[in-house]
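In what follows, a structure is listed as structure tokens, so that the remarks can point back to it.
The structure displayed is predicted, hence computed values, not measured ones.
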Amino acid sequence: MKNWRSPLCALLMVLMVSSVWGMKVQISWYGRVIAGHRTQFTCSSSCFPNCVYSWTFRGRTVNGSTLAWTPDGQDDTVELQCTVQNPQTGISSSTTTILEINNQMSVQVNPSNTVPTLNQSLNLVCLSAGSGDPKGLADLMWFKDGQKVTQRENVKFLQNNMTLHFDSVLPSDAGFYQCQTYLPSLQTQVISLGFLLSFNTWNVSISGPDTVFPGKLSEFTCLTSCTLNVECTVRWQFRRGFPIGTFFSVNGNRIKWTPSIPGTFQNFNCVAENKAAGRSAEATKLVEVKGIPVSGSEATKLHGLLFLIFFMGFKSIF
């Protein structure tokens, strides 16, 4: 894992700028915002002198042009707003940024390729807890669905509480697990990303028409029994060629497509997976583009026209 204090990261300064009624406001900070680490934010503006600054985030309001904050890991993103007011004119202006919180603590199964199975032993480990803290850890605790986990006959704490061990997993053990610790040198408490322990077989299907028409927009959705972005993530695959059309977009588990070549077939494949738990499931849908097939030369022209759009907008899918 890369050290966030590296010179490259230290030189990174993020600016968010807003201008209202000619008053420019900007928020700046250095490096990544990491759970358990203090970050200083600075709000500056073209309003002076004697301007009044205030910050709003997570339901709190803090006065001053600088804000020092240590995220605790409970949020993936936080909306941070700075407001500047000119007391002489009464005019105020604000700018808002969405902070992405990088949490270096997480709960995973160990070994990583273990598939949680009823009546089998299982280890959940708290990873990267206290990394970078020379004084180590203090009071590492486990939580299931927000409630503190206590040691009992079937459940034990191992390796200084870093491992939550199940002798034999029971149906009642299913739930959302997190670990929490106090970092003495940073004087802060951090809670990890969570792990959803589940034993149900995932069901995956793709909704949408089996037949589509050139020039008409159609939508396809990957439906899963697992909770998206918590229990599983979704990705699309196009194993028999990329969809050709005048419009194509992918947004999470949804695809929008306007085909352009009649007389062809398109294969959509949706994969739901949890790499940490070694679980996955998938569904495939074959879609026919109705209409009279175009000549080979016309199809080549259409493909060439759309290639740049596909390359620029959707190469990340692969």
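- Each side chain to side chain donor-acceptor pair (under 3.5 Å) pair with one or both residues in residues 69-80, not counting sequence neighbours, appears once here: R58-D75, D72-Q74.
- Residues M141 and M105 do not share a hydrophobic cluster, defined by chaining ILVMFWY side chains whose heavy atoms lie under 4.5 Å apart.
- Considering only heavy atoms from C-beta on, P116 stays 4.5 Å or farther from V169 through its side chain.
- Classification of K144 and D173 as a salt-bridged pair fails, no side-chain N sitting under 4.0 Å from a carboxylate O.
- A distance-only check finds a donor-acceptor pair linking the side chain of S46 to the backbone of K24 [under 3.5 Å].
- No more than 12 heavy atoms of other residues, nucleotides or ligands shown are found within 6.0 angstrom of NZ on K256.
- You'll find the side chain of K216 stays beyond 4.5 Å of the side chain of T258, heavy atoms only.
- Inter-residue side-chain proximity for S28 and F41 is flagged as unmet; no heavy-atom pair is nearer than 4.5 Å.
- Remark: N86 CG to S92 OG distance equals 10.0 Å, nearest 0.5 Å.
- In terms of heavy-atom proximity, T224 sits nearest to C232 at OG1-SG, 4.3 Å.
- The backbone N or O of C222 lies less than 3.5 Å from a partner atom in the side chain of N253, making a donor-acceptor pair.
- Atom CG of residue N123 and atom OG1 of residue T114 lie 8.0 Å apart, to the nearest 0.5 angstrom.
- No path of Ile, Leu, Val, Met, Phe, Trp and Tyr side chains, each step under 4.5 Å between heavy atoms, connects V287 with L223, placing them in separate hydrophobic clusters.
- Put simply, the side chain of Q104 reaches to within 4.5 Å of the side chain of N102, judged on heavy atoms.
- Here the OG-CZ distance, from S249 to R254, works out to 11.0 Å after rounding to the nearest 0.5 Å.
- Of the inter-residue distances, the one linking N251 atom CG with E219 atom CD reads 9.5 Å to the nearest 0.5 angstrom.
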Steps toward side chain to side chain contact (heavy atoms under 4.5 Å, CB included) verdict (F143, Q180): CA-CA 8 Å; F143 292 86; Q180 176 180 294; 3.8 Å; yes

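- Under the side chain to side chain donor-acceptor pair (under 3.5 Å) criterion, R60 pairs with no residue at all, not counting sequence neighbours.
- Taking the centre of each ring, F242 and F248 come in below the 6.0 Å mark.
- Across all their heavy atoms, P71 and H37 have their closest contact at CD-O, 3.5 Å.
- Across all non-hydrogen atoms, the minimal contact from L140 to C179 is CD2-CB, 4.4 Å.
- Both L118 and F166 are members of a single hydrophobic cluster when ILVMFWY side chains are connected at heavy-atom separations under 4.5 Å.
- Using modelled atom types, one finds a donor on one side chain and an acceptor on the other under 3.5 Å when comparing Y53 with S45.
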Would you check, one step at a time, whether the test side chain to side chain contact (heavy atoms under 4.5 Å, CB included) holds for W55 with N63? CA-CA 6 Å; W55 300 86; N63 295 324; over 6 Å; no

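- Residues N154 and L170 have side chains in contact (heavy-atom distance under 4.5 Å, counting atoms from C-beta outward).
- Residues G194 and F176 approach most closely at CA-CZ, 3.4 Å, considering heavy atoms.
- For the residue pair A272 and C226, the shortest heavy atom distance occurs at CB-SG, 4.1 Å.
- Crowding of E100 atom CD: a count of heavy atoms from other residues, nucleotides or ligands under 6.0 Å not exceeding 12.
- Side-chain atoms of S280 and E273 include no donor-acceptor pair closer than 3.5 Å.
- Remark: I191 CD1 to L193 CG distance equals 10.0 Å, nearest 0.5 Å.
- Hydrophobic cluster membership is shared by V78 and W29, with clusters built from Ile, Leu, Val, Met, Phe, Trp and Tyr side chains linked at under 4.5 angstrom.
- With contacts defined as side-chain heavy-atom distances shorter than 4.5 Å, the pair L80/C82 does not qualify.
- More than 12 heavy atoms of other residues, nucleotides or ligands sit less than 6.0 Å from atom NZ of K156.
- Taking the side chain as every heavy atom from C-beta outward, N269 and E282 approach each other to under 4.5 Å.
- Residues S94 and V84 have side chains not in contact (no heavy-atom distance under 4.5 Å, counting atoms from C-beta outward).
- Closest of all the heavy-atom pairs between D145 and A174 is OD2-O, 4.4 Å.
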CA sep, side-chain torsions, deciding dist, call: F157, W142, side chain to side chain contact (heavy atoms under 4.5 Å, CB included): CA-CA 9 Å; F157 299 126; W142 287 86; 3.7 Å; yes

For V271 and W236, what are the C-alpha separation, side-chain angles and deciding distance, and is it a side chain to side chain contact (heavy atoms under 4.5 Å, CB included)? CA-CA 6 Å; V271 180; W236 293 91; over 6 Å; no

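- Separation of atoms OH (Y182) and CD (Q189) is listed at 8.5 Å; rounding is to 0.5 Å.
- Linking Ile, Leu, Val, Met, Phe, Trp and Tyr whenever their side-chain heavy atoms come within less than 4.5 Å leaves L196 and V204 in two separate clusters.
- Ring geometry for W257 against F268 counts as perpendicular: the plane angle is over 60°, on a 0 to 90° scale with 30° as the lower cut.
- The main-chain N or O of I91 is found under 3.5 Å from a side-chain atom of T89 such that the two form a donor-acceptor pair.
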